[in-house]
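Chain identifiers are assigned alphabetically (A, B, ...) following the order of the sequence lines, protein sequences preceding nucleic acid strands; residue numbering begins at 1 within each chain.
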Amino acid sequence: MYMKKDSPKTSLVAYDHVSIEKKWQNQWASSKIYKTTDDTTKEKFYVLDMFPYPSGEGLHVGHPKGYIATDIISRMKRMQGKNVLHPMGFDAFGLPAENYAIKTQTHPEVAVKTNVARYKKQLEILGFDYDWSREVNTTDPNYYRWTQWIFLQLYKKGLAFESYEPINWCPVDKTGLANEDIENGRCERCGTLVEKKPMRQWVLKITDYAERLLADLDVTAADGTPVLDWPTSIKELQRNWIGRSEGAEITFKIEGSGLAHTEIKVFTTRPDTLFGVTYVVLSPEHALVTELLSHIRNTEEVNAYISEIKNKSDIERTDATKEKTGVELKGITAINPVNNENVSVWIADYVLADYGTGAVMAVPAHDARDFQFAQKYNLKIQPVISHEGSLPVITHGTLINSGKFDGTSSEEARKDMTSFAGGTWVTKYKLRDWVFSRQRYWGEPIPVIHCGKCGVVPVPESDLPVRLPNVTSYEPTGTGESPLAAISEWVNVPCPTCQGPAKRETNTMPQWAGSSWYYLRYEDPHNTNALVDSAKEKYWSPVDLYVGGAEHATRHLIYARFWHKFLFDIGVVSTNEPFTKLQHVGLIMGEDGRKMSKRFGNVVNPDDIVGTYGADTLRVYEMFMGPFDQQIAWNTSSIIGARRFIEKIWRMRQTLIVEDGATVPDSVHKVIHKTVQKVSEDIEHLHFNTAISSLMIAANELEKIGSLSKTQFEILLKLLAPFAPHVTEELFASLGNTQSIHTAPWPIPDPQFLTSDAVTIIIQVNGKVRGSFSAPPGTSKEELERSARQAPDISKWIENGKIAKVIVVPNRLVNIVMT
RNA sequence: GCCGGAGUGGCGAAAUUGGUUUACGCGCACGACUCAAAAUCGUGUAGAGGAAACUCUGUGUGGGUUCGAGUCCCACCUCCGGCACCA
């Protein structure tokens, strides 16, 4: 533990982070220096953090890492003269807040208020430059009014609809879940195995946007640079999640006693292997199965199999490593359209109901899964691609046993084979429509009314928001109904259309709803007439830099892009994509290398670190730990380095400063301006660790040189100001400045000090370093070679051989190659 | 299985994008100051050999391209993240 002690030797004023940080935080708040105006004459810069949901646990030291980064960027941009929007808010609807409320027996509204206050306090002591007058909270009726409004627009365009398909259900959280809320077949929140449950759901048709969500990841500007400056890994995750694949839909006629005009449509990416089909498989949930049951010989056996499958969890069923099971539908056959062969029809657990057509053609010779299944049930394996070695062969090749297609390339035959089979070429996606209703209390009410006469009637926009009623019991019912259903005075309303008796929709929206558009509300947070004023939207959008966790790649970031594109289509926003540049934060792990969690007892509270070392030290340390996007373990004993660095700056103020006008060596200018250049570039590229490193190098060199003018010291302070805003403000003020350092202009490097009068030239012999010498920059190749040959250390390496050639790289090195 | 990313001192890491590997920081050792300690300052800190000057080896492993490779190419190993019976 670091202890602050006074030095007996000097009379320096001690660096007291506690009083300095408190003083300037109060000062900034009262002078409102971070308040953002809509001054459109200035160039804007919109930098955004992923807003937190205020859980009961409070922040740990990992949470602020991203916020520190955006704070640094926003401070530099402000000093560079930009009009900066750097807002903060709270994502307070949803399961975490609600479960916390249930656990502590407090109403969610009360719990959220308490937790938000606590979070704000924790953020405030870190010295962030948020404009709190623009704070948004997704649970504020003035906010969720517009979340509901967006839902109504989606409904109007047919993109929100009721569905009765079985959906994922978490038996512990007692609510339906979207595909994105599931990890490895388990509820992303509580880890429980999800079940399939048929129930009425509101679903958003995100699949209508699948193609655009995918294609727009790759859009490039005229000069070839990507429009979305996102990490490739996140783009790749989204591509995989959307999961586009092209293939053919092929129809197989079904024959059997009493059957007429019955068909099975299958989806395949390999229509070229159609001659190798030896059976077809339906998923157990396929709609056709019920119809076929009465036409087969083994109805009982098939029924038994289906109920066996139904009792299995989704994860058991779809585990790719387990042995596949299935049962033949005896007494019926399918006709292969390319050769009119009769093949058997099966249902099997390895065919998914909700992808493609829910049915596949099986080509065991050229598909690993079909091969496995065929071996187990002794089904025919018919190769149609020439091969050496064992089956299955899943690569493309030359077709055999394929009638008139023999000898052609399987890859090229795909489309011809499709039309030969009477099929159609189609595109499919893995992306599923977004299950949008939750059977829980703490969410935005879905603004529709169910009328016996008129059906589904949207709540008129003028009646928004539909407020969450205040209830005493908000625990989930588990019946598939929201707790809201029990509040009859809220539920029963006149139908807006016919004034007859009607009931409100009692499902609520998922947590992701409010966060899918919040960045727009910061642009115009208090507007009561519109989601966002269009002039303000045009000025501020899109977000220039968005920083947050990579875990949101396939959830929040897909949903937000979907809503943004929809809002673009209906003219609410002016850009096609919401976030120009995306940067993800690497997690800070616990000191033991595990994720920071109460469970492991490895949580470090930022309040403690700020108390002991100060917010400036914490900020510098977190940015100095390593590359920003990399996951790194916390190490309390390393913080002292950041603290020592700040103290060194503090000491420099009191020992090095000479009066402006006194002579200061040129070397000081060189150090300062080199650092200005490096730090400016590094912050721009989010290379905070190397920016701090170069500030440390500068401080070390300047201390060695021993004198520094006030102006030069101020430049150094400005470079450090985004990282350590309090101590730099204090020192800046102590030099007689009355303006805040944070609104002072950012330094610009002076080119005359960026060139050096000597460069070190490395001498290599056969690629090995054997010496070096100093030369003026721009020295000619000939001159460099001459100096290298004459260098004293070199003669012993070259005197006993013949020089084959000499490579000279100006300003860098001379390599003498011996034979 | 598929898709991304990463392997450099005791530790976190840096490397002008093909040109002195280990900057900066932590830790450690020794020294200065001190009655002593803390703090601070200074010196050292990849491995092997050598009294030393110095030499050799060294960026996960094995090959390759090049005057020159941590960086580029091929094959492999390990770790992390994501997806996973998507036909």
May I ask you to say what [X] touches in the nucleic acid, namely base, sugar-phosphate or nothing, with a heavy-atom cut-off under 4.0 Å?
X        : result
A:Asp370 : nothing
A:Gln764 : base
A:Pro231 : nothing

Rounded to whole angstrom, note down the [atom1] distance from [N] over to [M].
N     : M     : atom1 : value
B:G27 : B:C80 : C1'   : 26 Å
B:G19 : B:U71 : P     : 11 Å
B:A32 : B:U22 : P     : 30 Å
B:C79 : B:G31 : C1'   : 42 Å
B:A69 : B:G50 : P     : 29 Å
B:G47 : B:A53 : P     : 16 Å
B:G70 : B:G63 : P     : 15 Å
B:G5  : B:U59 : P     : 23 Å

(message) Within a 6.0 Å radius of atom CD1 on A:Ile803, are there more than 12 heavy atoms belonging to other residues, nucleotides or ligands?
(response)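 Buried by this count: over 12 neighbours within 6.0 Å.
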(message) Which is it for B:U17, anti or syn, if anything within 90° of zero counts as syn?
(response)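 That one's syn.
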On the side chain of [X], is there an atom forming a donor-acceptor pair with the base of [N] - under 3.5 Å, no angle test?
X        : N     : result
A:Asn240 : B:C83 : no
A:Lys805 : B:C67 : no
A:Arg812 : B:U16 : yes

(message) Is the distance from the ring center of A:Tyr377 to that of A:Tyr279 below 6.0 Å?
(response)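 No: the rings miss the under 6.0 Å criterion.
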(request) Taking all heavy atoms of A:Lys196 and all of A:Asn168, pick out the closest pair and write down the distance. (result)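 Minimum heavy-atom separation between A:Lys196 and A:Asn168: NZ-OD1, 3.4 Å.
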